[in-house]
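Worksheet: one structure, shown below.
Just so you know, residue 1 is the first one in the sequence shown, and it goes up from there. Whatever order the structure lists them in is the order used to number ligands and atoms, beginning at 1. The basis for the numbers below is simple: all heavy atoms, side chains too, and nothing from hydrogens, waters or symmetry mates.
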Amino acid sequence: MTRTVYVNGQYLPWGQAAVHAEDRGFQFGDAVYEVCEVRDGHLIDETRHMDRLERSLGELKIPLPMARTAWARVMRETIRRNRVRDGSVYLQVSRGARPRDFLISDAVDMVPTVVCVARSANRAKLEAAAIVGIGVRSVPDMRWGRCDIKTVMLLPATMAKEQAKEIGAKEAWLFDEKGFVTEGASSNAWIVDSAGKLVTRPASTEILRGVTRTTLIDLLKRDGIELVERAFTVAEAKAAREAFTTSATALVTPVVRIDDSAIGNGAPGMLTLKLRSHFHEVAEAAAL
Ligand code: PMP
């Protein structure tokens, strides 16, 4: 089946899905994106993803390219044309194309570039991998000071993941100059500390406020599980009882190893697996 990609109002075959050579997303990383889970023919947490997309655009003063109803139609049509039942949908909005110029203050008449891509995932395979858990590598955080905006400037994340791969780890946990974990290269970081408390770093400009993180906090409230929002060091994470990551594509994924240190007994933690299995009970599931 030929994959179809939405680009600026058109549904195009994958090989023809192109944007302009002078697109500011391409030249300056002047673009934002979202990734939303598709599960059993439902879009998961669409409202929160759209809220965050609009916030990212607002922080960068990129005009809103379309209304929510239009986004909803584009995502569903892209999913439908690619016959995705389980997988993800990716949205990207750049400031648009114009002759290269650092300044954006004159670019008042720019028309944003909009891209939507849908992709299937093998849920059974993902589930089987999650039960085993993943290793992560601690890597210095070299990103900028506005990690709360979901921009496409992903080179530091890409490089960190390459470093993780070198030691057979699936994700990098980034740490600041004081040794505190900020977040994963493409996920949020959580531990159950040595006292048994669930801990994650508070949302700030240093991390992305993950939609999965926010929805998981709903689950914790529903189940009366206490959460401590504080920073933790790599050393503390290595001594933790449990560790896990959250993201829209990997959901709640157990971390069983950080660098050379096994977490707990080296198997996914009990609370982690419970949170993974109950996650969708609180997530918003909108029909396609
Ligand atoms: N942090 C970063 C840096 C990410 O790239 C992601 C994935 N988009 C997350 C956290 C998790 O966010 P979400 O739960 O919304 O996928």
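Remark: Asp148 pairs with Arg55, Arg146 by the salt bridge (Lys or Arg N to Asp or Glu O under 4.0 Å) rule, at least two apart or across chains.
A donor-acceptor contact closer than 3.5 angstrom links the side chains of Arg48 and Thr215.
Using the six-membered ring where Trp is involved, Phe28 and Phe102 have ring planes that are perpendicular, over 60° apart on the 30 and 60° scheme.
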* **Stepwise side chain to side chain donor-acceptor pair (under 3.5 Å) check, Thr245 with Glu171** => CA-CA 9 Å; Thr245 67; Glu171 174 64 307; 5.9 Å; no
Polar pairs, ligand 1 vs protein, N/O only, below 3.5 Å.
residue	atom	partner	partner atom	Å
ligand 1	1 (N)	Glu183	OE1	2.6
ligand 1	8 (N)	Lys150	NZ	2.4
ligand 1	14 (O)	Val211	N	3.4
ligand 1	14 (O)	Thr212	N	3.0
ligand 1	14 (O)	Thr212	OG1	2.6
ligand 1	15 (O)	Arg52	NH1	2.9
ligand 1	15 (O)	Arg52	NH2	2.9
ligand 1	15 (O)	Val211	N	2.8
ligand 1	16 (O)	Ala248	N	2.8

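Other residues sharing the hydrophobic cluster of Ile104, ordered by chain and number and joined by side-chain separations under 4.5 Å: none, the residue standing alone. In this structure, Met159 belongs to a hydrophobic cluster whose other members, linked by side-chain heavy atoms under 4.5 Å apart, are Leu155.
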